[in-house]
Protein chains: 2
Amino acid sequence: MKIQLALDRMEIDEAIELTRKVEQSVDWIEVGTSLIKEYGVKSIQEIKQAFPNKPVVADIKTIDNARYEFEMCYQAGADVTTVMGVSPLVTMDVCMEVAKEYNKQVMIDLLNTTEQQKLALQKYKDAIFCVHVSKDQQEQLGSFNTGMGLKNFYTPSMKIAAAGGISLASLETVTAALHPSIVIIGSAITKAENPTEAANQIKQCILQMKVV
Amino acid sequence: MKIQLALDRMEIDEAIELTRKVEQSVDWIEVGTSLIKEYGVKSIQEIKQAFPNKPVVADIKTIDNARYEFEMCYQAGADVTTVMGVSPLVTMDVCMEVAKEYNKQVMIDLLNTTEQQKLALQKYKDAIFCVHVSKDQQEQLGSFNTGMGLKNFYTPSMKIAAAGGISLASLETVTAALHPSIVIIGSAITKAENPTEAANQIKQCILQMKVV
């Protein structure tokens, strides 16, 4: 199970400085939506330049204009780019097409998708599916609960990512519920008093769980 | 009926230069999603600075992290900020709350919302509702058709905006179908050989239709 470090609500320099402190423990680096919307595509460029050997996820949350946004992210150095599962399917088709042309990956964010939409998304077999409790939902409802179920959706070949307020305390619950290949961790690392230590603890916890 | 000029897929300087050519004919200026995602919040700041007397719409397409994104846009000078209707309702609640605090407006983009979602959104009486055929949908299906119906949704007090490939040729059809208070025009002006002339023709067409 990989750790994707989500960088949000900070300046680009801060994001780079923080990532340096934890890079030994994390696998993928996510340029958060807030960085892209606040600073633009240079947030992706600068973070990829600082960490050329780490896969970088551009959390651009595309919902339209897919070719323009996906090409922009991939050209800026992103290895994975996100699209909202609530988008029209034609948008999803374009994302998959651009990813194939660039030999890069798509992450489909399942935030607020209906059961019907989830089933329609199953055909995108090359995508990573991100089960996502949004920041706004967390503030109202708290983080993950085990009832989030993917029961009608999940197939064993599917690559799942989990996001939404995941911490050391909730890591085992989330892993047991969703069997993710990737856990996306933001403030549990970035807002920790000692980010290096927090990231290392999460890494050690994953190693002890012996999940692939 | 107001004209909202949508500025997309260009540099900030180009957007300002183009707007100068048409500002006599347009009412609102939209900083398009592509400008925000490519150049960040400074796209909103620079365009508002260049046109301090025009209402500026930040098409940030919020779907999470509503307070952060809406405050960022309003502080940058936006008068109206957009949120996706497919977002969790808690996100919508936060958008309305922030707008109220700043005494500014919210535009809810109805792109790909289900009938059920549209009905749930009716309670946001202070919002502008944007009926939106996305760029990706236009490439597949063409622009507006009169069957887009808002029949279960529309109430006479509702403020409607219409977006999606609207041109001089389709203006009357869209107006008859949706009775919008605002028509959002992008490439029919920005990609015209003579943008000044194109914007003026659309303005004259609206004046002749004698819609409020």
Side-chain angles (χ1 to χ4, degrees), chain A residues 8-9 12 32-44 58-73 75-76 81-95 97 109 111-114 116-117 132-141 163-164 186, chain B residues 8-9 12 32-44 58-73 75-76 81-95 97 109 111-114 116-117 132-141 163-164 186:
Chain A
D8 262 300
R9 309 194 200 197
I12 300 173
T33 312
S34 58
L35 263 77
I36 299 175
K37 287 183 173 174
E38 194 160 355
Y39 304 108
V41 73
K42 74 171 181 180
S43 60
I44 306 168
D59 190 16
I60 197 162
K61 289 191 170 57
T62 291
I63 196 161
D64 186 19
N65 205 10
R67 176 164 290 274
Y68 192 86
E69 293 192 1
F70 265 51
E71 288 194 336
M72 183 176 88
C73 290
Q75 286 169 11
T81 299
T82 65
V83 58
M84 299 311 296
V86 292
S87 309
L89 289 183
V90 57
T91 297
M92 224 69 62
D93 291 338
V94 176
C95 293
E97 192 181 293
D109 186 329
L111 174 64
N112 220 32
T113 46
T114 61
Q116 205 183 346
Q117 282 173 323
H132 185 190
V133 182
S134 77
K135 287 187 186 64
D136 294 341
Q137 288 171 321
Q138 289 169 50
E139 279 166 24
Q140 193 193 43
L141 306 163
Chain B
D8 263 300
R9 310 194 200 196
I12 301 172
T33 313
S34 58
L35 263 77
I36 299 175
K37 287 183 172 174
E38 195 159 355
Y39 305 108
V41 73
K42 73 170 181 182
S43 59
I44 305 167
D59 189 16
I60 196 162
K61 291 191 169 56
T62 291
I63 196 162
D64 186 20
N65 205 10
R67 176 164 291 275
Y68 192 86
E69 293 192 2
F70 264 51
E71 288 194 337
M72 183 175 88
C73 290
Q75 286 169 11
T81 298
T82 65
V83 58
M84 300 311 297
V86 291
S87 309
L89 288 182
V90 56
T91 297
M92 225 69 62
D93 291 338
V94 175
C95 293
E97 193 181 294
D109 186 329
L111 173 64
N112 219 32
T113 45
T114 61
Q116 205 182 346
Q117 281 173 323
H132 185 191
V133 182
S134 77
K135 287 186 186 63
D136 294 341
Q137 288 171 321
Q138 289 168 50
E139 279 166 23
Q140 195 193 42
L141 306 164

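Proteins get letters first, then strands, A, B, ... in listed order; numbering begins at 1 in each.
Both the backbone and the side chain of B/Ile60 have a heavy atom closer than 4.5 Å to some heavy atom of chain A. Looking at B/Tyr39, only its backbone comes within 4.5 Å of chain A, counting heavy atoms on both sides. Proximity to chain A is absent for every atom of B/Gln138, based on heavy atoms less than 4.5 angstrom apart. Residue contact with chain A, scored on non-hydrogen atoms closer than 4.5 Å, involves the backbone and the side chain of B/Gln137 alike. For A/Ser43, no part lies near chain B; criterion is any non-hydrogen pair under 4.5 Å. For A/Ile36, the parts sitting under 4.5 Å from any heavy atom of chain B are the backbone and the side chain alike.
Each of B/Thr114, B/Asp93, B/Val41, B/Thr33 has some count of heavy-atom pairs under 4.5 Å with chain A, and the biggest count is that of B/Val41. Of the listed residues (B/Lys37, B/Met84, B/Lys135), the greatest number of heavy-atom pairs within a distance under 4.5 Å of chain A belongs to B/Lys37. Heavy-atom pairs under 4.5 Å with chain A were tallied for B/Leu111, B/Thr91, B/Leu89; the largest tally goes to B/Thr91. Annotation: maximal heavy-atom pairing with chain A below 4.5 Å, among B/Ala66, B/Ala76, B/Ser87, B/Gly40, occurs at B/Gly40.
In this structure a side-chain-to-backbone donor-acceptor pair under 3.5 Å is present from B/Asp64 to A/Asp136.
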| request: Dump the intermediate steps for side-chain contact (heavy atoms from CB on, under 4.5 Å) on B/Glu139 and A/Val94, then the final yes or no. | output: CA-CA 11 Å; B/Glu139 279 166 23; A/Val94 176; 5.7 Å; no

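What you find for B/Glu38 and A/Tyr68 is that their closest heavy atoms are OE1-OH, 2.7 Å.
Listed by chain and residue number, nothing satisfies the side chain to side chain donor-acceptor pair (under 3.5 Å) test with A/Gln140 (two or more places apart in sequence, or in another chain). Residues that satisfy the side chain to side chain donor-acceptor pair (under 3.5 Å) test with A/Asn112, not counting sequence neighbours, are absent from this structure.
Side-chain contact between B/Val86 and A/Ile63: present, with at least one pair of heavy atoms (C-beta onward) separated by less than 4.5 Å.
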